[in-house]
**Student:** 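The structure is given below, and queries will be raised subsequently.
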Protein chains: 2
Amino acid sequence: MDTGDRLLTPGEVAALFRVDPKTVTRWAAAGRIGSIRTPGGHRRFRESEVRALLEGEGVLDDLDDGANRSPNSGPAQSGNHGPTNAGLH
Amino acid sequence: MDTGDRLLTPGEVAALFRVDPKTVTRWAAAGRIGSIRTPGGHRRFRESEVRALLEGEGVLDDLDDGANRSPNSGPAQSGNHGPTNAGLH
DNA sequence: GACAAATGGGGTAATTGGGGCG
DNA sequence: GTTGTCCCAATTACCCCATTTG
């Protein structure tokens, strides 16, 4: 089953969290999020992992994106009734 | 329709409500407003939810400071004078 | 070969979180 | 009961430029 293993660029993840791309890089460097390194040294993040961290309280869908390479428009991903996330300091 | 799920920083919400960022943090801690935590522990708020709480248009009967100065000659003053605030006490 | 844009690394200032107090 | 301000430490944002990506 494809859970959405598409890889996101730091800019994409930064836009999802409303943070700076450098901050996403810092998360990967701190081990808070898995990262795949390109041969050149750049990082790519798995969409499934990013969305797992993005769970706050409510469904959310894609923000504006001119290039949506996913013709599959099946919002079957829902039912997220989990309580508040367990963000620990 | 456009829900406007942009994320706002505590400083943004504080500026919208004219309060201290710490107050916004307490609202999130008290569960009065949904919050998304970044892996670093900082909070992000949904603009749609903030605007829903920021409703000032429509009905506005909130003008008394709690001291009734004319108990008589008053119209059918119902006991409920609170706005649409769902905050329990 | 070239280009524009994004990313990474290092540094700094600004914001944020938590606790306690007025 | 709430909100504002103090302390602190942590996280985040913006500056530079070299490299990688497309």
Side-chain angles (χ1 to χ4, degrees), chain A residues 5-47 49-57 60 62-70 83-89, chain B residues 5-47 49-56 60-68 79-89:
Chain A
D5 302 49
R6 291 171 297 178
L7 288 95
L8 302 176
T9 60
E12 290 277 308
V13 183
L16 258 49
F17 280 92
R18 193 34 176 117
V19 293
D20 199 83
K22 283 295 177 58
T23 304
V24 182
T25 300
R26 230 173 271 114
W27 294 342
R32 291 192 170 108
I33 182 173
S35 59
I36 300 177
R37 309 273 296 215
T38 63
H42 287 199
R43 280 168 242 238
R44 294 283 122 89
F45 305 93
R46 296 192 177 276
E47 189 191 18
E49 192 169 350
V50 172
R51 290 171 82 119
L53 262 59
L54 197 57
E55 57 161 283
E57 192 224 317
L60 76 145
D62 240 34
L63 297 174
D64 58 326
D65 191 6
N68 194 350
R69 75 293 280 171
S70 183
T84 54
N85 61 347
L88 189 69
H89 174 219
Chain B
D5 291 46
R6 289 175 301 181
L7 296 171
L8 300 176
T9 60
E12 292 275 301
V13 182
L16 258 50
F17 281 94
R18 298 277 293 173
V19 293
D20 230 65
K22 267 304 179 57
T23 304
V24 181
T25 299
R26 282 171 186 156
W27 292 345
R32 290 203 233 256
I33 181 173
S35 59
I36 298 177
R37 310 273 296 220
T38 63
H42 286 201
R43 294 187 180 92
R44 295 276 118 85
F45 305 94
R46 296 187 180 280
E47 192 197 26
E49 192 167 350
V50 172
R51 280 161 67 167
L53 265 58
L54 200 57
E55 36 83 32
L60 62 150
D61 52 356
D62 180 82
L63 199 56
D64 59 325
D65 51 12
N68 295 337
N80 184 3
H81 64 278
T84 56
N85 182 9
L88 68 159
H89 185 270

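The analysis underlying the following values was restricted to heavy atoms, covering all of them including side chains, and did not include hydrogens, waters or symmetry mates. Chain letters run A, B, ... following the sequence lines, proteins first, then strands; residues in each count from 1.
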**Student:** Indicate, yes or no, whether a donor-acceptor pair under 3.5 Å links the base of C/dG19 to the side chain of B/Lys22.
**Tutor:** yes
**Student:** Whole angstroms only, please: what is the CG-P distance between A/Asp20 and C/dA6?
**Tutor:** 12 Å
**Student:** Looking only at side-chain atoms of B/Arg44, point me to the closest of D/dA13, C/dG17, D/dG22.
**Tutor:** D/dA13
**Student:** Do any side-chain nitrogens or oxygens of A/Thr9 fall under 4.0 Å of OP1 or OP2 in C/dT7?
**Tutor:** yes
**Student:** Under the criterion ring-ring contact (aromatic ring centres under 6.0 Å, His included), I'd like the reasoning laid out for A/Trp27 against A/Phe45: C-alpha separation, chi angles, the key distance, then a yes or no.
**Tutor:** CA-CA 11 Å; A/Trp27 294 342; A/Phe45 305 93; 8.6 Å; no
**Student:** A/Leu54 versus A/Phe17: any side-chain heavy-atom pair under 4.5 Å?
**Tutor:** yes
**Student:** Between B/Val19 and B/His42, which is nearer to the 5' end of DNA chain D once each is assigned its nearest nucleotide?
**Tutor:** B/Val19
**Student:** Is the shortest side-chain N/O distance from B/Thr23 to OP1 or OP2 of D/dT3 below 4.0 Å?
**Tutor:** no
**Student:** Would a 4.5 Å heavy-atom cut-off, applied to side chains only, mark B/Leu7 and B/Arg46 as touching?
**Tutor:** yes
**Student:** Mind checking who C/dC21 pairs with, Watson-Crick or G-U wobble, both distances under 3.5 Å?
**Tutor:** D/dG4
**Student:** Just name whichever nucleotide pairs with C/dG1, Watson-Crick or G-U, keeping both distances under 3.5 Å, else none.
**Tutor:** none
**Student:** Would you say the base of C/dG20 and the side-chain of B/Arg26 have a donor-acceptor pair closer than 3.5 Å?
**Tutor:** yes
**Student:** Starting at CD1 of B/Ile33 and ending at P of D/dT3, how long is that distance when rounded to a whole Å?
**Tutor:** 12 Å
**Student:** So with a 6.0 Å cut-off around CZ of B/Arg18, is the heavy-atom count from everything else above 12?
**Tutor:** no
**Student:** Could you give the CD-to-P distance, from B/Glu12 to C/dT15, as a whole number of Å?
**Tutor:** 11 Å
**Student:** Is there a side-chain contact between A/Thr9 and A/Arg44, using heavy atoms and a 4.5 Å cut-off?
**Tutor:** yes
**Student:** Nearest of C/dG8, D/dT2, D/dT12 to any side-chain atom of B/Thr38?
**Tutor:** D/dT12
**Student:** Could you state the atom-to-atom distance from CZ of B/Arg32 to C1' of D/dT3 in whole Å?
**Tutor:** 11 Å
**Student:** Scan every strand shown for a Watson-Crick or G-U wobble partner of D/dA18, both distances under 3.5 Å, and answer none if you come up empty.
**Tutor:** C/dT7
**Student:** Can you figure out which of D/dA13, C/dG8, C/dT7 approaches the side chain of A/Pro21 most closely?
**Tutor:** C/dT7
**Student:** D/dT12 phosphate, OP1 or OP2: any side-chain N/O from A/Trp27 under 4.0 angstrom?
**Tutor:** yes
**Student:** Within the pair A/Thr25 and C/dG9, is there a side-chain N or O less than 4.0 Å away from OP1 or OP2?
**Tutor:** no
**Student:** Identify, between A/Gly41 and B/Arg18, the residue whose nearest nucleotide on DNA chain D lies closer to the 5' end.
**Tutor:** B/Arg18
**Student:** Kindly say if B/Arg43 contacts the phosphate of C/dG18, meaning a side-chain N or O under 4.0 Å from OP1 or OP2.
**Tutor:** yes
